[in-house]
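Every heavy atom of this structure was used, including side-chain atoms; hydrogens, water molecules and symmetry mates were not. Computed from a prediction, not measured in an experiment: that's the story for all the values here.
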Amino acid sequence: MARILVIEDDPVVARVTELVLQRAGHQPVLARDFLSAKSALAEPADAVILDINLPGGNGLELLRHLREELGSRTAVLILSALKQEDVIVRGLKLGANDFLTKPFSPQELILRLERCL
């Protein structure tokens, strides 16, 4: 069972992601805004599912914080409605392991996540 930090502000997407992870045998931990997510990043997790647009800040800034300030190599899967090439490239350059756009297939999410683990 992997501990997965899910950083997602949309309650429906957060709930669906939580259920999908639980059914796959993982332990999801939710953070719904920038500040709670930044705090949660200090706790150990096997992987992070990261939204970009968050209340109070930007998920890419959280990714930068995780990689540069915390020095963490924790697997990160960005899950975002943003589909612009520059956003995807920036996320990958900052150290994301993968990028999945919304709407998403629950099966694809699990496969991509488990590939990162």
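Every side-chain contact (heavy atoms from CB on, under 4.5 Å) that Ile88 has, sequence neighbours left out, goes to Leu92, Phe99. With sequence neighbours excluded, the residues satisfying side-chain contact (heavy atoms from CB on, under 4.5 Å) with Glu43 are Arg3. With sequence neighbours left out, the side-chain contact (heavy atoms from CB on, under 4.5 Å) criterion links Lys93 to Val89. For Arg112, the salt bridge (Lys or Arg N to Asp or Glu O under 4.0 Å) test picks out Asp98, Glu108, with sequence neighbours left out. With sequence neighbours left out, Ser72 forms a side chain to side chain donor-acceptor pair (under 3.5 Å) with Thr74. Among residues two or more places apart in sequence or in another chain, the side chain to side chain donor-acceptor pair (under 3.5 Å) test is passed with Glu69 by Arg64, His65. Asp9 is linked by a side-chain contact (heavy atoms from CB on, under 4.5 Å) to Asp51, Leu54, Pro55, counting only residues two or more places apart in sequence or in another chain. Every side chain to side chain donor-acceptor pair (under 3.5 Å) that Ser36 has, sequence neighbours left out, goes to Asp33. Scanning for side chain to side chain donor-acceptor pair (under 3.5 Å) contacts around Asn58 gives an empty result, with sequence neighbours left out.
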field: Working for side-chain contact (heavy atoms from CB on, under 4.5 Å), residues Ile7 and Ile49
entry: CA-CA 6 Å; Ile7 302 172; Ile49 296 176; over 6 Å; no

query: Would Glu8 and Leu30 satisfy side-chain contact (heavy atoms from CB on, under 4.5 Å), going step by step from the backbone distance to the final call?
result: CA-CA 7 Å; Glu8 174 61 60; Leu30 300 176; over 6 Å; no

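Rounding to the nearest 0.5 angstrom, the gap separating the CG atom in Leu100 from the OG atom in Ser80 is 10.0 Å. Ile78 CD1 to Ile52 CD1: the interatomic distance, rounded to the nearest 0.5 Å, is 5.0 Å. Summarising the geometry, atom CD1 belonging to Ile110 is positioned 9.0 Å from atom CZ belonging to Phe104; distances are rounded to the nearest 0.5 Å.
The closest side-chain heavy-atom distance from Leu5 to Leu50 is not below 4.5 Å. At a threshold of 4.5 Å between non-hydrogen side-chain atoms, the residues Leu94 and Leu60 count as touching. Counting only heavy atoms from C-beta outward, the side chains of Asn97 and Leu77 never approach each other to under 4.5 Å.
By the criterion of side-chain heavy atoms lying less than 4.5 angstrom apart, applied directly or through intervening Ile, Leu, Val, Met, Phe, Trp or Tyr residues, Val87 is not grouped with Leu79; the two fall into different hydrophobic clusters. Hydrophobic clustering of Ile, Leu, Val, Met, Phe, Trp and Tyr side chains at less than 4.5 Å, counting indirect connections, keeps Val76 apart from Leu117. Linking ILVMFWY residues whenever their side-chain heavy atoms come closer than 4.5 Å, directly or via other members, places Leu35 and Leu70 in the same cluster.
Hydrophobic side-chain contacts under 4.5 Å tie Leu19 to no other Ile, Leu, Val, Met, Phe, Trp or Tyr residue.
Applying the salt bridge (Lys or Arg N to Asp or Glu O under 4.0 Å) rule to pairs touching residues 71-90 yields nothing, sequence neighbours excluded. Applying the side chain to side chain donor-acceptor pair (under 3.5 Å) rule to pairs touching residues 16-26 yields Arg15-Glu18, His26-Glu114, sequence neighbours excluded.
Taking all atoms of both residues into account, the shortest heavy-atom contact from Arg32 to Ala14 is NH1-CB, 3.5 Å.
Checked against Val6 for a side chain to side chain contact (heavy atoms under 4.5 Å, CB included), the options Val29, Leu21, Val48 give a single hit: Leu21.
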